[in-house]
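Structure first, then comments.
To find a chain, count down the sequence lines: A is the first, B the second, and so on, and within it residues start at 1. Only a predicted model underlies this, so the values are computations on that prediction, with no experimental measurement involved.
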Amino acid sequence: LLLLRRDYRFQRVWFWGCVQGVRGAYYIAEGLGADRAAPRSRLYSLNCVEWSLLPPATEEMVARAEQLKGRFQGDPSFEYECTEINAEDAERLLEDGKELTIKEESRLVATIEQIDRAVGIIPRGAFVKTPLGSVHENRNFEGLSLTEAKKLSSYFHFTEPVNLKNKTLLEKADLDPSTDFLDSLEHDIPAGSWTVQVEKGGTVVVLRSLLWLGLTFYHVPLTKQYGYVYFGTGEKNLDLPFML
Amino acid sequence: ERGHGPYQPQEPGYGLYQPGYSPYDDQIPDPKSRTLAIENAKAFLLKSSTTSGLNLYDHLANMLTKILDERPTNAVDIIENISKDVKWAQFQKKMDTLRDEHEILPTFEAAEKLKALFLKANGEGDEELEEEIEETPLPNVMETAFYFEQAGIGLSKDESYHIFLALKKLISAQPIRTCRFWGKILGLEMNYIIAEVQYHEGEEEEETEEEEGTEEGGKGMGEVEDEDEKNEKEDEPPKSTYKPPPVIPKEQNGTGANKYVYFVCNEPGKPWVKLPPVTPAQIVCARKIKKFFTGRLDAPVVSFPPFPGNEANYLRAQIARISAGTHISPIGFYQFAEEEGDEEEEGGGRRDTYEENPDFQPPSVAEMVESLSTWVHHGQSILKQGRCVWFNPFQKSEEEEEEEDGEEEKGEEPDELQQEVGPPLLTPLSEDEGIQNIPAWTAQSSTNLIPQYAVAVLQSNRWPGAYAFAAGKKFDNIYFGWGHKYSPGNHAPALPPPVQAEYPSGPEITETRDPTLEEELAFKAAREEALAAAEEEEDEEDDAEDDEEEEDD
């Protein structure tokens with residue numbers, strides 16, 4: 001990963017996780033430049049030695065990949081056939097000249113994007129927004145305390161906030177605009193889609209997402225250590241409402 | 001502060017000032033107004049705040065001290081935060097006692113429990129030590145963890161070691177013959193650590209006797225009810241003809257799905273709890289529902305169809321399904337014990353027992369990875385009925401047959417159930433059917449770079465989280481996951497059954513449309529025609545009727 005950082009001139013590179021396919025697994029790394037909220041560049045590898053850059057995710061890619069179900073195959077050039085499109089869409093696509101098949105690479109990109117968007121979380125206070133709009137790491141972030149770390153409201157989604165504007169004015173008054181500019185986890189639908197566990201007698205707090213099974217977020221309270229990683233099959237858990 | 005600064009040439013006292021020699025050294029010199037201003041400013045800074053009891057002077061001094069000590073980069077950008085931190089630090093000291101009490105509870109308690117694991121049990125003599133070293137049912141958890149780590153699966157070393165010690169404690173507490181770390185199931189509030197054990201023979205008799213007693217009581221009740229039904233009078237509202245499907249008895253402890261006994265605990269250090277044996281009804285129901293485990297064994301499982309039992313039973317049922325589906329071993333490791341007895345009694349030559357093969361020659365790792373036929377299931381698969389050995393609920397025992405000779409059975413005769421046959425024990429994995437186009441297992445070698453020490457690893461695709469490894473003569477299975485089967489489609493819960501018909505509908509109860517006027521007239525006309533025709537035939541029929549009456553007599 002260090003070599004990756006040098007070659008692509010990232011400021012930070014980290015190991016995002018592993019998506020397990022039937023015949024092999026994809027190891028994913030993400031890299032960032034100076035602005036932490038910018039779209040991230042993602043790279044994948046089959047053996048952790050040679051990394052290839054993934055194309056950035058577009059909305060269309062995400063929409064098409066959502067229709068695909070089933071495991072990843074483990075072969076990046078594998079092509080899926082879209083069997084669930086009704087006749088109208090099929091005609092439209094054919095007219096545009098696009099294929100009805102989706103490559104596994106695009107599906108991979110779309111899945112990573114969805115996971116990051118849906119369940120990529122950070123502790124509250126870890127990032128600050130400057131008045132200019134760019135987002136930086138907060139060097140004064142000393143970590144959450146143990147009581148704070150057990151509450152879901154101390155964690156934010158690291159994506160464009162959706163619910164923030166809907167809060168009542170009373171709630172907004174309590175927020176600190178430099179640190180509270182993201183959606184917190186409290187209002188995730190369905191309620192209870194995160195499990196919070198304290199391990200090793202309180203030295204580590206682990207959050208696991210139940211919507212994307214395999215996403216694990218850890219934080220050591222009162223230190224700056226936190227992070228999340230995904231190890232799983234890359235499928236959304238659509239049975240979640242039945243399982244709670 | 002400038003204080004005794006250099007005097008300008010035109011000011012009085014310029015030539016006179018020599019450090020240490022001036023007659024005015026001990027007096028505040030001329031810029032009296034400036035020093036007065038400085039004093040005023042300092043006094044202002046020293047003024048205590050009315051709300052917090054701090055004063056700005058001390059606060060600024062603390063802040064600057066902190067900055068100079070720590071020398072952060074770009075201090076000017078974070079000066080407000082530093083200020084806030086300093087103020088916060090003041091408060092921390094005051095609330096120290098409260099904070100300490102709060103933090104003692106979770107962290108230290110856990111540490112106490114773990115410490116208990118590390119202490120040896122009291123009263124260990126030398127003899128016991130020797131016994132332990134020779135044959136201990138304790139599995140070598142660390143060794144297994146090492147092999148799994150080669151494949152990238154497993155818990156941290158700390159946790160593995162704690163589990164190791166916890167298993168040791170379990171063994172010393174219960175009479176156990178074999179023990180194995182089965183795996184870890186994640187839950188919402190807490191996780192489960194599961195150990196699979198087998199008791200020494202003869203240790204479980206007490207429990208089975210109690211259960212047989214309750215079963216006999218149940219049968220007795222059933223017979224009494226039958227008699228009541230036969231005596232029913234016709235005035236009473238019709239008794240429901242609903243016969244609940246016969247309860248399929250669970251398998252004996254030590255056989256089939258209940259071959260192993262499972263102990264769970266939430267964390268190493270907490271006491272081990274024994275899970276109750278599993279009944280077929282629970283397995284059948286567990287197949288239809290998909291629920292997360294909360295981590296508390298007494299939690300109810302709210303689902304449809306309603307699950308008979310609480311979370312402990314659901315957990316046991318899932319463990320049974322996972323064990324049956326994913327416990328595999330290299331081919332040849334286990335072989336069938338030679339049997340002298342009849343195979344007919346067992347319904348077609350099923351073999352239930354296996355033993356280790358002393359002449360086992362392990363195939364190479366490359367072979368184990370390439371083809372799935374080098375692995376076999378040693379966990380018996382569970383039939384649709386929920387048992388491993390098929391049970392015919394309508395097969396009457398000898399006693400019942402004698403009683404019921406000559407009596408008619410009430411209600412409809414139940415259909416004969418087809419005998420269910422599952423794949424026999426020790427079938428190779430290549431027979432496992434995949435899901436859609438995905439094979440049931442994914443095989444990988446742990447490393448491509450060092451083939452001499454590589455480990456063959458299998459991941460199950462049907463039960464995500466089940467892994468097995470083999471390296472030479474060693475192999476093991478383990479499970480880390482949420483405890484659910486993989487289903488490519490969405491889980492659709494069973495719909496409630498249609499509302500039962502209250503009464504059988506027949507022509508006498510159903511309403512029909514009243515005939516319209518035209519229909520009535522038409523009917524009348526037709527009847528008159530028929531009468532007219534009948535009169536003609538009466539003469540002919542009279543003879544026929546006489547004949548019939550004679551025959552009846």
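In this structure, B/Leu188 CG and A/Gln197 CD are separated by 8.5 Å, a value rounded to the nearest 0.5 Å.
Taking 4.5 Å as the limit, some side-chain heavy atom of A/Arg208 sits within range of a side-chain heavy atom of B/Asn191. Side-chain contact between A/Thr195 and B/Phe292: absent, with no pair of heavy atoms (C-beta onward) separated by less than 4.5 Å.
A donor-acceptor pair is defined here as one N or O able to donate and one able to accept, closer than 3.5 Å; no such pair exists between the side chain of B/Glu189 and the backbone of A/Val196.
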